[in-house]
Amino acid sequence: MATRRRTLSIVLAVPLLLLGGFAATAWFGTGPVNVLLMGLDEGRTRTDVVVLAHLEPRKGMLTLLSLPRDTLVEIDCAPLSEWCVTPDKLAHAHAYGGERGPEVTVETVERLLGVDIDHWVRVDFEGFQKVVDLLGGVDLVIDQDMHYEDPYADPPLHIHFEASEEPQHLDGQRALEFVRYRGATGDIGRTERTKQFLVALARKARETQSLTRLPAVIRTGLAYVDTDVDFRAALSLAVAALRVDLDRTQMETLPGWDDPGHHRGWVWIPDEAAVAEVVDRLILHPEPPVDEPEAGSED
């Protein structure tokens with residue numbers, strides 16, 4: 001069962017964005033930057049999480065495009081091992097690349113989306129709980145009951161949340177349980193929950209008390225992050241990323257449809273026309289979202 005095979009959640013993008021996003025901002029000043037965020041599965045060979053983050057500090061904008069791990073992609077197998085297969089699932093590009101896993105994944109995503117990716121950040125979830133705890137936890141409104149048990153997962157899953165209109169405080173352990181919950185819709189249905197957690201965690205990082213802990217957060221996170229970005233300037237310039245208007249952060253999932261009967265197994269087929277539109281809107285020419293008019297307002 002796919003749920004039991006996976007130990008990472010799409011929301012691993014949260015610590016990646018807090019750490020890799022800060023570093024990318026520091027390295028590239030205030031210009032736009034595309035960073036591919038990757039979270040590895042339990043074997044540290046395949047990607048379980050792939051998110052393309054577009055950061056524009058001058059505009060105070062952050063846009064995110066989530067790429068399902070089972071997205072069917074073309075992989076350049078020529079320089080890779082003889083067991084490389086194309087087309088195949090996006091998660092496998094990293095495994096085929098071996099030591100060059102991140103670079104092969106970047107090249108594969110660039111080919112899929114038709115964009116240039118400046119840098120990549122890769123992580124597993126060992127540091128996730130530490131980052132959340134260093135920030136003092138997060139407060140979230142959980143709008144649905146969430147129950148799931150999997151004693152065979154690594155680590156085992158014992159997820160139990162009751163819906164409530166009041167915010168619930170989550171420490172690192174509970175936060176990890178929240179983000180690992182997949183529900184019936186798996187990767188595709190988690191985008192809004194991912195955004196909810198990302199905004200809550202990033203907002204906590206802005207609080208005065210949390211800002212005093214930022215150096216410790218970055219030091220802790222660096223131990224669990226691989227990247228091609230030079231992190232030396234990250235600490236002094238991290239505040240630049242705090243220009244982002246979190247309430248206007250946009251996040252979407254790569255448009256497409258599922259094909260459970262494909263010869264490579266269950267795959268997500270990208271809708272080429274819809275992909276081109278969302279890439280243009282979120283990555284190439286992003287604009288702040290238009291505010292919805294208030295009910296009953298008049299021109």
Side-chain angles (χ1 to χ4, degrees), residues 3 6-22 37 39 48-49 51 53 60-66 123-150 153 155-214 216-218 220-221 224 241-242 244-253 289 292:
T3 301
R6 303 171 185 171
T7 63
L8 293 177
S9 164
I10 191 80
V11 84
L12 276 174
V14 173
L16 287 173
L17 286 166
L18 287 173
L19 302 169
F22 287 158
L37 312 172
D48 187 67
V49 174
V51 175
M61 289 180 56
L62 172 66
T63 54
L64 306 166
L65 182 59
S66 170
V123 73
D124 57 28
F125 62 67
E126 290 183 57
F128 181 90
Q129 295 182 58
K130 293 182 180 295
V131 170
V132 175
D133 286 334
L134 280 169
L135 291 174
V138 296
D139 297 306
L140 287 172
V141 174
I142 300 176
D143 60 4
Q144 62 175 302
D145 293 340
M146 300 165 60
H147 299 287
Y148 183 74
E149 292 272 349
D150 185 357
L157 286 170
H158 304 286
I159 300 173
H160 297 286
F161 291 99
E162 300 291 339
S164 171
E165 295 181 359
E166 297 298 321
Q168 301 184 40
H169 184 76
L170 308 184
D171 61 10
Q173 175 61 39
R174 292 289 279 166
L176 185 60
E177 294 170 2
F178 177 82
V179 302
R180 293 184 71 194
Y181 179 78
R182 305 180 65 84
T185 54
D187 285 335
I188 308 308
R190 289 187 299 174
T191 299
E192 189 58 35
R193 190 163 65 251
T194 298
K195 178 182 173 182
Q196 176 193 10
F197 188 86
L198 165 62
V199 170
L201 189 61
R203 182 172 285 113
K204 190 62 179 288
R206 286 185 171 182
E207 297 176 2
T208 303
Q209 183 180 9
S210 293
L211 281 175
T212 63
R213 301 174 182 171
L214 188 57
V217 172
I218 293 178
T220 299
Y224 299 97
L242 299 179
V244 171
D245 185 346
L246 298 175
D247 292 324
R248 299 169 74 83
T249 297
Q250 303 173 72
M251 182 172 188
E252 297 184 27
T253 299
E292 294 288 339

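Source: prediction; values computed, not measured. These numbers come from the heavy atoms of this one structure, side chains and all, not from hydrogens, waters or symmetry mates.
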How close do [X] and [Y] get, heavy atom to heavy atom, and via which atoms?
X: Pro289; Y: Gln250; value: CD-NE2, 3.6 Å
X: Leu65; Y: Thr253; value: CD1-C, 4.1 Å
X: Asp133; Y: Gly172; value: OD1-N, 2.7 Å
X: Ala175; Y: Leu170; value: N-CB, 4.0 Å

With distance as the sole test, does [X] use its side chain to make a donor-acceptor pair with the main-chain N or O of [Y] at under 3.5 Å?
X: Arg174; Y: His169; value: no
X: Glu162; Y: Met146; value: no
X: Asp171; Y: Gly137; value: no
X: His158; Y: Tyr148; value: no

Next item on the list: Check the surroundings of atom CD in Gln144: do more than 12 heavy atoms from other residues, nucleotides or ligands lie under 6.0 Å from it?
Entry: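 Enclosed: over 12 neighbouring heavy atoms sit under 6.0 Å from CD of Gln144.
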
Item checked: Trace of the side-chain contact (heavy atoms from CB on, under 4.5 Å) decision for Phe178 with Ile159 -> CA-CA 7 Å; Phe178 177 82; Ile159 300 173; over 6 Å; no

Using a 4.5 Å cut-off on heavy atoms from C-beta on, say whether the side chain of [Y] contacts that of [X].
X: Phe161; Y: Asp145; answer: no
X: Gln168; Y: Leu140; answer: no
X: Ser66; Y: Glu252; answer: no

Note to self: Is there a side-chain hydrogen bond (donor to acceptor under 3.5 Å, both in side chains) between His160 and Glu149? Walk through the geometry before answering.
What the structure shows: CA-CA 9 Å; His160 297 286; Glu149 292 272 349; 2.6 Å; yes

Next item on the list: To the nearest 0.5 angstrom, please state how far the CD atom of Gln196 sits from the CG atom of Asp143.
Entry: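 Nearest 0.5 Å value for the CD-CG distance: 6.5 Å.
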
